Protein chains: 2
Amino acid sequence: MPHNHEELLKHVSADMPSDELLQDLGDLFKVFGDTTRIKIMYALYEDEMCVCAIADLLKMTQSAISHQLKVLKAANLVASRREGKTIYYRLADEHVKSIIGQGYEHITE
Amino acid sequence: MPHNHEELLKHVSADMPSDELLQDLGDLFKVFGDTTRIKIMYALYEDEMCVCAIADLLKMTQSAISHQLKVLKAANLVASRREGKTIYYRLADEHVKSIIGQGYEHITE
DNA sequence: TCAACATATGAACGATTGCTCATATGTTCA
DNA sequence: TGAACATATGAGCAATCGTTCATATGTTGA
């Protein structure tokens, strides 16, 4: 007979967040899971930037950057403001820095 | 003439980590970017668990869990020990909890 | 109002990902 | 040693992802 985990499972599943929240968590981290988006967030670490400056910095097309900014914005990781023709993006809150910071610590150990 | 960001770019790119590190960061977060793996990490939050207990808990096949544990282990997010036929997995370090914790805070605001 | 600029968006395509299925490896006990 | 159990692994397939290309939207100044 395969071994029995009934007790353990009862305990652990009681402490598990809802499937919906776990799905949202995965979706959030998926946004961090791409080098281009990580670079964009790092670029915005200190100051806001317009789309074409980010494109110049990363040597990528304006379109590619724009698509990724949309993803970042949908996840509430960046915010933007318009100034004439230009749109400036900035990090939306401190979580971005602390999440990246923790990741940084993990890989540089 | 499109507008000029030379000064800004010089400053920002000086503060950017290496491409290799940014790639590693993206790869790390990619591992967090899947609901199954998030669930596994949550299951291990309090205590170690064997593979079949995790499979039972998540109602998934042993094979699927085993594949994902391999990904988690390659990223140094979980560690394992053998006890007879059974292999117990546990979280590898505190970064897992703090990264998930920061993500949790971000989405529950 | 129209040309130039800045950004956004939709379709399409190649690459990556997560699961399943079949099977292999490793361990215990009779 | 061989049957039963626990886990790992490789191939294959559908689904998702990130980019490009073409084009649309929005803003300014002449």
Side-chain angles (χ1 to χ4, degrees), chain A residues 1-5 8-9 19 22-23 26-41 43-44 48-75 77-90, chain B residues 1-5 8-9 19 22-23 26-41 43-44 48-75 77-90:
Chain A
M1 160 178 50
H3 72 269
N4 193 320
H5 344 269
L8 177 59
L9 290 196
D19 266 35
L22 293 166
Q23 177 77 51
D27 289 346
L28 173 66
F29 287 119
K30 208 167 285 174
V31 178
F32 284 87
D34 174 76
T35 308
T36 299
R37 290 191 292 263
I38 289 277
K39 284 180 180 175
I40 293 175
M41 291 187 273
L44 302 178
E48 64 181 10
M49 271 199 189
C50 65
V51 179
C52 63
I54 300 172
D56 277 6
L57 177 67
L58 306 191
K59 297 184 190 2
M60 292 180 64
T61 64
Q62 174 270 319
S63 177
I65 299 299
S66 196
H67 277 296
Q68 298 300 6
L69 284 168
K70 189 178 188 177
V71 174
L72 288 166
K73 195 166 189 181
L77 297 175
V78 304
S80 63
R81 70 182 179 87
R82 177 183 281 277
E83 192 177 309
K85 288 178 287 192
T86 307
I87 297 183
Y88 292 95
Y89 282 84
R90 64 182 180 281
Chain B
M1 161 178 48
H3 72 268
N4 193 320
H5 344 268
L8 177 60
L9 290 195
D19 266 35
L22 293 166
Q23 177 76 52
D27 289 345
L28 173 65
F29 287 118
K30 206 167 288 174
V31 179
F32 284 87
D34 174 76
T35 308
T36 299
R37 289 190 294 262
I38 290 277
K39 284 179 180 175
I40 293 175
M41 289 187 275
L44 303 178
E48 64 181 10
M49 270 199 189
C50 65
V51 179
C52 63
I54 300 172
D56 278 6
L57 177 68
L58 306 191
K59 297 185 189 3
M60 292 179 63
T61 63
Q62 173 270 319
S63 177
I65 300 299
S66 196
H67 277 295
Q68 297 300 5
L69 284 169
K70 188 178 188 176
V71 174
L72 288 167
K73 196 167 189 180
L77 297 175
V78 303
S80 62
R81 70 182 179 86
R82 176 183 282 276
E83 192 178 310
K85 287 177 288 191
T86 307
I87 297 183
Y88 291 96
Y89 282 84
R90 62 181 180 280

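Because the structure is a prediction, the values reported are computed rather than measured. Here is the naming used below: chain letters follow the sequence lines, and residue numbers restart at 1 for every chain.
- Between B:Leu72 atom CG and D:dA8 atom C1' the separation is 15 Å, expressed in whole Å.
- Nearest nucleotide to the side chain of B:Thr36, out of C:dT20, C:dT7, C:dC19: C:dC19.
- Of the candidates D:dA8, D:dT20, C:dG18, the closest approach to any side-chain atom of B:Arg37 belongs to C:dG18.
- For B:His67, whose side chain is taken as the heavy atoms from C-beta onward, the closest listed nucleotide among D:dT7, D:dA11, C:dC5 is D:dA11.
- Nearest to the side chain of A:Ser63, among D:dC5, D:dT20, C:dA6, sits D:dT20.
- Among the nucleotides C:dT27, D:dT19, C:dC19, the one closest to the side chain of A:Met60 is D:dT19.
- Between B:Phe29 and A:Phe29, the ring-plane angle classifies as parallel under the 30° and 60° cut-offs.
- Put simply, CD1 on A:Ile54 is 9 Å from P on C:dT7, counting in whole angstrom units.
- Here the C1' atom of nucleotide C:dT27 and the OH atom of B:Tyr88 are 13 Å apart, to the nearest Å.
- For the pair A:Arg82 and D:dG26, the criterion of a side-chain N or O lying under 4.0 Å from OP1 or OP2 is not met.
- Between the side chain of A:Gln62 and the base of C:dA6, no donor-acceptor pair under 3.5 Å is found.
- One can place CG of B:Asp27 at 12 Å from P of C:dT16, the figure rounded to the nearest angstrom.
- Computed from coordinates, the A:Asp34 CG to D:dT16 P distance equals 18 Å when rounded to whole Å.
- For A:Lys30, the listed nucleotide lying nearest its side chain is D:dC17; candidates were D:dC17, C:dT9, D:dG10.
- Between A:Thr86 and C:dA6 there is no side-chain polar atom (N or O) within less than 4.0 angstrom of OP1 or OP2.
- The side chain of B:Lys70 approaches D:dT9 more closely than any other nucleotide in the set D:dT7, D:dT9, C:dC19.
- The nearest heavy atom of DNA chain D to A:Gly33 and to A:Glu83 marks one nucleotide each, and the one closer to the 5' end goes with A:Gly33.
- Nearest-nucleotide positions on DNA chain C for A:Ser80 and A:Lys85 put A:Lys85 closer to the 5' end.
- A distance of 11.0 Å separates OH in B:Tyr89 from SG in B:Cys50, rounded to the nearest 0.5 Å.
- The CD1-C1' distance, from A:Ile65 to C:dA6, rounds to 14 Å in whole Å.
- Going from atom CD of B:Gln68 over to atom P of C:dT20 covers 10 Å, rounded to whole Å.
- For the pair A:Met49 CE and C:dA6 P, the computed distance is 16 Å after rounding to whole Å.
- Taking NE2 from A:His5 and CD1 from B:Ile54, the interatomic distance works out to 10.0 Å, rounded to the nearest 0.5 Å.
- A donor-acceptor pair under 3.5 Å links the side-chain atoms of B:Arg82 to the main chain of B:Gly84, judged by distance alone.
- Taking CG from B:Asp27 and CG from B:Leu22, the interatomic distance works out to 11.0 Å, rounded to the nearest 0.5 Å.
- A:Leu77 contributes atom CG, which lies 6.0 Å from atom CE of A:Met41 (distance to the nearest 0.5 angstrom).
- Between A:Tyr89 and C:dA8, a side-chain N or O to OP1/OP2 separation shorter than 4.0 Å is present.
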